[in-house]
Amino acid sequence: MLDIKYVRAHPEVVKTSIQRRNLNAEKINVDHLLDLDTKWREAQSRANDLRGQRNELSSSIKKLAAEERKEVINKVKGIKGELTQIEKDLEDLATERDVLLRLLPNLLADDVPDGKTDEENVEVSHWGQLPTFDFEPRDHVALGEITDTIDFDRAAKVTGSNFYYLKHEAVLLEQALCSFATAHLLPEGFIPITTPDLARSEVLEGIGFAPRGPEKQVYNVEETDLSLVGTAEITVGGYHSGEIFDADTLPLSYLGFSHCFRTEAGAYGKESRGLYRVHQFTKAEMFVLCEEADSTRQHERIRAQEEALLQELGIPYRVVNVCAGDLGAPALKKYDIEAWMPGRSAYGEVTSCSNCTDYQARRLNIRYRPEPTASPKHVHMLNGTAIAISRTLIAILENFQRADGSVSIPKALHPFTAGVKEIPCRR
RNA sequence: GGAGAGAUGGCCGAGUUGGUCGAAGGCGCCUGAUUCGAAAUCAGGUGUACGGGUAACCGUACCGGGGGUUCGAAUCCCUUUCUCUCCGCCA
């Protein structure tokens, strides 16, 4: 959520963000919002006057004789009639205004490229040598089948499409990747944390997810206000809601582990084969709370960690600066890191990191005091994928496959795989 | 799941026969005095949001959330969430 005071002062900047993000300006109407806001402020002012009058008269009642008292009470009742109506208007205006206010996306960083879809994201760097094979490389679905490590067919019996079982070395890899991420990020000051896999609507909304309605991306739990989380960003972000930090406790960095559940409604089509777009996966997520002036630096720090992890694994990748039209509403700027996936001879997103500035902190009410006696400001919040297990598995299987259908396990994971260094072909 | 108790400012904690309570007291923090400096001590200050004003400042709201009673609610009633204790069930 943006600061309404900022919207009042800089409506053009907000409009530009909406336009560049290719959002529906009819629906997300800044002028209408400001109009409602003006009316709300007028009503607020009037209500204040009336309440002031009421309070003054009310407090005098005690001292008055019975005769006068009746008269004044009637007078106050008259004020109350008008006040009740204005308070009703005030509430309606505030509700309508806030609905619109919450639809506004974050501002855009200066260096966010123009563009409508992910095809217009701009490559900013790349790393690693693309593998060459003297055989026809298999994709991860085929590899998962012949090594008996990923089973989609049987999962379909239990949960339907886009679920899977991991078996044998894939399970080792899942656990090893989590341990690998921890081992790498612990010395960097990240606090490991496991979180609930569910969260309340209030928290989902605070982070910028729609918990209900046609645009929701999450599973709801019946007869509760809970949803399965799509990322630990939600639960780690909600962790400190309502709190005020001393500046010297920031930045605060977490490495959150959770399962991620996504309905992926309407996302079927290309790029949805195999593990790429599934309803459940495990993820290690970096999450940083910091001071306002520090967030750009923290964003680069998270990105550097994401790159370091892929480099240690030996997976070729490129970094793209996500264009305005492909950015999520809470993000001021986002990098996607795309690993090379030989199964489709293309790069595919494996991690991303977003600078959400104070957009999430405002609704979650997470603040800090820049100085001990200063008024609190909202913290800046950033998130980035350390390891998304499912997509990392794609990259590992496809990049490290051999002609005989076996797969070598990256050296960086050997300390965590119980001595297992390769995945044998079983068919 | 059943029965009770509670939720107050950055923290702890008074206040429940409704009015002078944004809220005692303490801690913490800030400023000043004292000191070579510090500790200790003493004095003063110290919530958030919204609205108004160039400003000093003024008004309004906020005592977990929502609703109600009343001229007036931290205080009374209803409801909801959470916490704690006890009982039951269970990994």
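Per chain, numbering begins at 1; letters A, B, ... match sequence-line order.
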Looking only at atom P, what distance separates C11(B) and A49(B), rounded to whole Å?
15 Å

CG (N22(A)) and NZ (K116(A)) are apart, to the nearest 0.5 Å, by 5.0 Å

- Would you please confirm or rule out a distance under 4.0 Å between OP1 or OP2 of C71(B) and any side-chain N or O of R51(A)? no

Ranking I73(A) and E91(A) by the position along RNA chain B of their nearest nucleotide, the one closer to 5' is E91(A)

Q: Rounded to whole angstrom, note down the P distance from U85(B) over to U75(B).
A: 27 Å

Look at the side chain of N121(A) and the backbone N and O of D118(A), then say whether any donor-acceptor pair between them is shorter than 3.5 Å. yes

Side-chain atoms of N48(A) come closest, of C71(B), G51(B), U48(B), to G51(B)

Say we look at G9(B) and G66(B): how far apart would their P atoms be, to the nearest angstrom? 15 Å

Tested for side-chain contact (heavy atoms from CB on, under 4.5 Å) against V288(A), the lone hit among S295(A), S253(A), C353(A) is S253(A)

By nearest-heavy-atom nucleotide on RNA chain B, the more 5' of V76(A) and D37(A) is D37(A)

| query | Does R391(A) make a cation-pi contact with Y276(A) (under 6.0 Å, within 45 degrees of the axis)? | reply | yes

Answer with base, sugar-phosphate or nothing: what part of the nucleic acid does K70(A) contact at a heavy-atom distance below 4.0 Å? nothing

Side-chain atoms of W40(A) come closest, of U60(B), U48(B), G51(B), to G51(B)

Spacing of the P atoms in A43(B) and G26(B) (rounded, Å):
10 Å

Got a sec: does the CG of D110(A) have more than 12 other heavy atoms crowding it under 6.0 Å? no

Less than 4.5 Å apart, any side-chain heavy atom of E285(A) and any of L255(A)? no

Select base, sugar-phosphate, or nothing to describe what N55(A) touches, counting heavy atoms under 4.0 Å on all strands.
sugar-phosphate

* How would you label the contact of R362(A) with the nucleic acid (heavy atoms, under 4.0 Å): base, sugar-phosphate, or nothing? -> nothing

From the candidates C50(B), A61(B), G72(B), the one with an atom nearest any side-chain atom of S58(A) is G72(B)

query: Are the ring centres of H240(A) and Y254(A) closer than 6.0 Å?
result: yes

With C1' as the reference atom in both, quote the distance from G18(B) to U69(B) in angstrom, rounded to an integer. 11 Å

Rounded to whole Å, CD of E243(A) lies from C1' of U48(B) at a distance of 17 Å

Side-chain contact check for R54(A): nearest option of C71(B), C50(B), G10(B) is C71(B)

| said: Between C12(B) and G28(B), how far apart are the two P atoms, rounded to whole Å? | reply: 15 Å

Rounding to an integer number of angstrom, what distance separates G1(B) and C89(B) when you compare their P atoms?
15 Å

OP1, OP2 of G52(B) versus side-chain N and O of R41(A): anything below 4.0 Å? yes

Separation of C71(B) atom C1' from K75(A) atom NZ, nearest Å, is 13 Å

N/O (side chain, K5(A)) to phosphate O (OP1/OP2, C50(B)) under 4.0 Å = yes

Hey, does R200(A) reach any base, or is it just sugar-phosphate, or nothing, if we go heavy atoms under 4.0 Å?
sugar-phosphate

Note: contacts of residues 94-104 of chain A with RNA chain B (heavy atom, under 4.0 Å) are none

In this structure, CD of E306(A) is separated from OH of Y335(A) (nearest 0.5 Å) by 11.0 Å

message: Can you check the distance between G25(B) and G15(B), where both ends of the measurement are the C1' atom (answer in whole Å)?
response: 11 Å

